[in-house]
Each structure stands twice: as structure tokens, then as C-alpha cells.
2 protein chains.
Amino acid sequence: MAGKSDDRSTRTRPAVLGDVAALAGVSAMTVSRVLNAPDRVRAETRERVLAAVRELDYWPNSAARQLVTGRSGVLGVISIDTTLYGPASTLYCIEQTARLSGYSVSIASLSLLSRRSIEEAVHRLRSQSVDGVVILAPHESAADGLRHLPPDLPVVAVDAGEDIPVPVVTVDQRAGAEHATRHLLGLGHETVRHLGGPVNWLDANYRVDGWQGVLEEHDRPVHEPLRGDWSPRSGYELGRQLAADPTVTAVFVGNDQMALGMLRALREAGRRVPEDVSVVGFDDVPESAYYSPPLTTVRQDFGEVGRHAFHLLLDRMAGKGEEARRLVEPELVVRESTAPPPR
Amino acid sequence: MAGKSDDRSTRTRPAVLGDVAALAGVSAMTVSRVLNAPDRVRAETRERVLAAVRELDYWPNSAARQLVTGRSGVLGVISIDTTLYGPASTLYCIEQTARLSGYSVSIASLSLLSRRSIEEAVHRLRSQSVDGVVILAPHESAADGLRHLPPDLPVVAVDAGEDIPVPVVTVDQRAGAEHATRHLLGLGHETVRHLGGPVNWLDANYRVDGWQGVLEEHDRPVHEPLRGDWSPRSGYELGRQLAADPTVTAVFVGNDQMALGMLRALREAGRRVPEDVSVVGFDDVPESAYYSPPLTTVRQDFGEVGRHAFHLLLDRMAGKGEEARRLVEPELVVRESTAPPPR
DNA sequence: CCCCATGCCGATAACGCTAACAGGAGGGAA
DNA sequence: TTCCCTCCTGTTAGCGTTATCGGCATGGGG
């Protein structure tokens, strides 16, 4: 165990706390303090320890630390399909924010959100001793799972419904739909059609509510909304139905991808956008500014959602979180796919 | 510590191995064996233990297990910007595949790939005792980091360059570019222009090579490729340059998003696609079939890449991996954005 | 009858770290 | 001087699990 002959070039086993202590000529406890509460150690000693840490390329073993502290510094994120733009962006932001606060994140992607699948994912993460979990739960079907979580696990939900016993952060979908619908009515359209997302998605339903509410408030006819599956394909197929109806002059589409399909259906039917039909999307994906024409849409700030979720979780882990519902305001981005109706 | 009065409804502290042992009337070691090597325990005893496990809702503490075994059942994935379609899809597939084999995955998203940032991420993951790491390393600048990894950590790289001391799995970018270019030449175009990705992206450079190779092979003029940043915006801006040049009849674009911007630039310049100019993209994002017109593009099977990466890593962790370079074949998807040149 | 192999299980000692307390040195107030 | 308080560091005892070894049956062959 003597100094130079024992450094990282000759030793195969990674250095442990004791090695650092020996090299620095202090006790293990002092090394631990240097790492966890530096001010409680005299500056001179601290420097010596840090030098030894560098010399040996020492990295603390988190399993050991976790075993004794009960904390792991790992957060779990449960989500469906992180291939979609929204969840992917939220996840990305949670990870970035968490890292700045010293947390890592472990993911569990599900193919469906049911009580069973959520419980299973929670157990998987929990057996890794995560300190807390964010659940991206945009489906109706997640509610049941969210109501039966282990009571001692800090959890925050994103895009979940109401009457959930955990804090929720979500974009105000209803307000977004209202902005879109008001914008179209404000341009002079008699009424607005809606091509919504799947019925089991909460976001989709809130958007339907917002849209319908504005129409009723203005005494405009409310046509049964069409329901797609978020894919451009469904936007195209359902778009063909709307395109064939000459009374349609304005459509509010549940997301940008379906709006893309819709634009194509309208073009194929010989209806110009925005001269004949106005289209508004939702999300503001990076591509939407380059659709033909550039899409008027409702921007969701997923980054903000991720940051809020993380901070709520932090509060929750500190025990001081209330079961708030935090709404992030969406913003209407007006581009070239909307105009007054043809006369 | 007496049976029924100590079950999960009255106890707050989660059950540990010892609780299960006490309830089942066996030693801790026997419980451990039931969990890790069931055949080494008599069936009758095993059943009694399992009943106790269920009764107490016992979940093993992974930190303790990990501390003694040195294995964690967690894999790390290092990546830049998991918001992009490619990395997001690959990550998703790795996670799905890993889960089926009992592994969890922990992520580390970087904002740039440098030797320093990679080392830092590796250490972060490693201090969580991950059993292995997949690095999504599509940048030139990652090579330096990949050459200086800790020798005892199993690593597999995705989309990395050559001369890397770890196994690499990647789509054959060069072949993809060749398919695209040959397709355009085959339609009768005199030559093909290229709008590529950023110069520090390996994929982008391999695509340039493939494109250039085919042109040279056919003795066609090779114009200096333009370089965008993958965004629709850059596709649009550089597209305007190409659109203004009447000699341009065919363009191979480095990804679908830039191709989208390009399509818009061409439309604005009054050049029809595919009658006046043919465009081929790369990636086959779900939207590309609904662009105007639907985009001919090169499909990359990210799922396949993810699965291969995981299995190579598994081999690597078992110590039997060679430093292979595994190529996944891309596929040309012909849609409506390509046609013979105008006469 | 003994001997050894085999199957099953338990006792003990780690793994690497930190919580909790203990103790010595130094300084200021009584 | 004495006492106490503060600042710094060390000692001890775990955290919950598994590796390792050893022991007690049982059984079959010599």
C-alpha cells in the first residue's frame, strides 16, 4: 500500500475510499467528508485528500453510498413511446435539468399504459432504488395506475388527468385549443372543424373540449370531431373526408403531423391552403415552419414542462410538495396556413 | 418479529431479506438462493420462501446486491440530442430489447461529443455501476473519446467511425448514398447535387463519399456539396441557392428534414418537384410519405441498429466480443419526388 | 459395517461507504 | 486557573446482500 507504486497504472482494481485515505494519510471518514461536506474539513487536509483522489482517479461507489444513505441519486422516467416528439422533448429536458442537480435518470418505456404495466415499471425502477419517478401519462388508462402507487415513493405525473393523488404538470391543452379556435373564428370563419387525436389520449380530449367550448360560446355549429391516431397517415385519410366537403373552410388539427397529412389531402383535392381552407396544428414541431404552406400552430413548451416536473419532484422528495396541478401556457404561432374564408 | 403481526400492513419499513427468512423459518442464505439459483433449494422450502416473499411484498435491494456482486443489471446509453428521430428511435429500441433481457437503461444526453464530455458521462454512468455502455457517437469528435475509454468497461458504439477499439454498429451510410445517387442517375439525370449534413457528422461524410463515388464511377461532374445542419431551416436556405440554378435537376439531400426545407425552397422558386427537379432524402421519417410530394428517401432501420448494439454489448459483457464493425443495410424507398429530368 | 459422494442448508465474512459518537487541541470567559 | 465551546479528525458499527466454507443428513458401494 505504498504511494507511487500503487497508483492506477499498476493497480487493476479501481481505487476505493480506503486507498485514498491511505495515500492522503487520513481516515476514511475524512475522505468521505471532503466529498460530501467539504467545509467541515480544514482546507489543507482537503487539498491533500483531493490530490489523492486525482492521483488514484477515485470515483465513489454509488451502490455502497446508496446502501447506507438510502438515496441513489437516480430518478426514473416512465413513458410511452419516447419516439414521439413531445415525450422525447420532455424526457430530454428532464434529463438535462436533473443532471445539473446531480441526478441521473433511468428510463422505462412502455408500449401501453395500464395499471398493470405502470405497476410493473414502478417496481422495476424501484428495485433499482430510484429516489423518485416522473410518469409521462397522457392516456386515460394511466389514471388507474396513478391512483395505486406505493405511498412512500415520490411521484410526479406529466400530462395526467384530474383527481390524481400526485402533482401533475401539463400544458394547458384546453387553452391551446381555445386560442386556435378563436384565431380561426376571428378571421371570419363561420365555424371550425376538428380533427382530433385518439380518444384514449387526455390531451386529445382536452383539445376537443376547448374547441367545442369556444364554438358553443359563439353559438356556432359543432360538427362531430374526427379522430385520428396522431400519424400523418391518419391526417391524410380523414383529411380526404373533410376535403370533399365544400362547406369546410377551417380545420383545427390535433397535432402537426396529422396537419401535414391533412395539407396533402387538401392539396390533392384541389383545395388551396389558406385561400380555400385554413388549417391550424398543434405542437409546433421544428418542421412545421417548413410545411407547404408554413403551418399556423400552437406551441407547447415541452422544455418548461420537463423543468417543472423535475422541480416538483424535488419538492416531493423533500417532503414539501403539495398535490398541485401546474399548467404551462401554450402559445399560438401564426404562420401562413390560415386566412379569412373565401367569399 | 412474529409472523402475522409483522406483515406489510403494520410495518412501514420495506421488508428485507432477513424478514423473509424469519417468516419462512429459514436462513437468509436460503432466501438468497431461492431468488438466484432456485434449483439448489428443495422444492418444498422454495415454496415456503416464495410465499413469504409474496406475503411481505419483498423486493430485493439492488444496491446491496450490487455491492457484493459487482453487477447492477443497468446499462448506460450516452447520446447527443435524443430529440432527433434517429437517436430517439435507437434509444427506444435498445431500451425495449434490454428490458426483455432483464436490464434497465440509464441515459446521459450530452450537448456536444468531445473527449472530455464522453469521459465525464462514462464516469457518471460508471459510478452508478452500469454493467456496460452504448455510445451513440455520430460525430467525428467522439473518436478521441472512444479511444480513451477505461479498458475494463464493456462498450459498444453506434454510428462511430473506423479505427475505434470497440465494436461498432451502424447503418451503411455509404451504401445508402449510393442507392440514392444511382437511382437518380438511372432516371437519366446528367449529374446529382448534394446537400449534406454538418461536416463534423460522420454519417454526413459517409453519405458525401457514397454520392461522390458513384458520380466519379460514372464520370459525371461533381459539384462541391452544400452543407446544412440537418434542420429544415438550413435545407430551405441552401435550397434557395440550388433552386436559383437552372442546371440543377436532381438533388440528394442528407436527411428528410432538410429535404422538407428544400422542397419548400423549390416550390417558392417556381420549380416543380419532380417535373423540374428530383429530390431524394435520407432517414424515412414517418412524415416523409406525406410531404408534398411524398419523398423518395433512404430508410434506415434504427430498430435493427438498437438490437444489434444491445446484443454486441451482451457479448462484450460476457467477454467474448470481437471488435467487429456491423453494418445494417439501408433501403431505398421510391415515392413521388423523383422522375426523369425535363427535356 | 465403514467410507465417500451428494443434496441441502446455515454461519460468517466480506462488499464500500457514511451516521453517530468520541476525543483532542485550541481559545475565550469566568 | 478552570471550564466550556468550537473546530477538526478518528473509531465503531452498521446498511442488505451474496461468496465461501463447512456441517449434517441420506444413500449407495465396497
Side-chain angles (χ1 to χ4, degrees), chain A residues 1 11-50 52-53 56-74 102 126-131, chain B residues 1 6 11-50 52-53 56-74 123 126-131 152:
Chain A
M1 240 328 127
R11 199 178 11 79
T12 60
R13 169 179 66 88
V16 300
L17 195 100
D19 301 336
V20 176
L23 179 57
V26 297
S27 74
M29 200 54 228
T30 299
V31 178
S32 173
R33 269 191 279 258
V34 168
L35 269 32
N36 298 302
D39 356 327
R40 302 197 48 199
V41 173
R42 189 154 46 104
E44 189 191 336
T45 313
R46 188 166 57 224
E47 287 313 319
R48 218 165 61 240
V49 169
L50 289 175
V53 165
L56 296 176
D57 192 29
Y58 167 72
W59 291 83
N61 177 318
S62 68
R65 173 178 286 175
Q66 174 181 332
L67 186 58
V68 53
T69 60
R71 277 164 295 111
S72 63
V74 178
R126 185 167 233 227
S127 75
Q128 288 174 51
S129 314
V130 296
D131 294 338
Chain B
M1 233 345 118
D6 195 60
R11 198 177 13 79
T12 60
R13 167 180 67 87
V16 298
L17 195 95
D19 301 336
V20 176
L23 180 57
V26 297
S27 75
M29 202 52 230
T30 298
V31 178
S32 174
R33 270 192 278 258
V34 168
L35 269 33
N36 298 302
D39 355 325
R40 303 196 49 199
V41 173
R42 189 154 47 103
E44 188 191 337
T45 314
R46 188 166 57 225
E47 288 311 320
R48 219 166 61 242
V49 169
L50 289 175
V53 165
L56 297 175
D57 191 30
Y58 167 72
W59 291 84
N61 178 318
S62 68
R65 172 178 288 176
Q66 175 181 330
L67 185 59
V68 54
T69 60
R71 276 165 295 109
S72 63
V74 178
H123 270 128
R126 183 167 235 228
S127 75
Q128 287 175 51
S129 314
V130 296
D131 294 338
D152 55 334

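Order of the sequence lines fixes the chain letters, A, B, ..., with proteins taken first and strands second; residue numbering starts at 1 for each chain.
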Quiz item: Which atom pair, heavy atoms only, marks the closest approach of A:Ala24 to A:Ala52?
Solution: CB-CB, 4.0 Å
Quiz item: Going by number, which of residues 37-48 of chain A have a non-hydrogen atom under 4.0 Å from DNA chain D?
Solution: A:Arg40, A:Val41, A:Arg42, A:Thr45
Exercise. Return the minimal non-hydrogen interatomic distance between A:Asn61 and B:Ser129, and the atom names on each side.
Key: OD1-OG, 4.4 Å
Quiz item: For the atom pair OG (A:Ser72) and CG (A:Leu67), what is the distance rounded to the nearest 0.5 Å?
Solution: 12.0 Å
Practice problem: Measure the CG-CG distance between A:Asp57 and A:Asp19 for me, rounded to the nearest 0.5 Å. | Solution: 12.0 Å
Quiz prompt | Contact pattern, 5' to 3', of nucleotides 11-17 of chain D - B, S or - by protein heavy atom under 4.0 Å | solution = B--BBBB
Exercise. Over all heavy atoms of both residues, which pair between B:Gln128 and B:Gln66 is shortest? Give the atoms and the distance, please.
Key: O-NE2, 3.6 Å
Self-check item: Residue among A:Val34, A:Val20, A:Val31 satisfying side-chain contact (heavy atoms from CB on, under 4.5 Å) with A:Leu50
Solution: A:Val34
Quiz item: Taking atom OG of B:Ser32 and atom CZ of B:Arg65, what is their separation to the nearest 0.5 Å?
Solution: 7.5 Å
Exercise. Could you walk me through whether B:Leu35 and B:Tyr58 pass the side-chain contact (heavy atoms from CB on, under 4.5 Å) test, one step at a time?
Key: CA-CA 11 Å; B:Leu35 269 33; B:Tyr58 167 72; 3.6 Å; yes
Practice problem: Could you state the atom-to-atom distance from CG of B:Leu35 to P of D:dT18 in whole Å? | Solution: 7 Å
Quiz item: B:Gly73 and B:Asp131: which non-hydrogen atoms are nearest, and at how many Å?
Solution: N-OD2, 2.7 Å
Practice problem: Give the C-alpha distance, both sets of side-chain angles, the deciding distance and a yes or no for side-chain contact (heavy atoms from CB on, under 4.5 Å) between B:Val26 and B:Thr45. | Solution: CA-CA 8 Å; B:Val26 297; B:Thr45 314; 3.9 Å; yes
Exercise. For the helix from C:dC1-D:dG30 to C:dA30-D:dT1, measure the angle between the helix axis at one end and the axis at the other, each built from five pairs, rounding to 10°.
Key: 50°
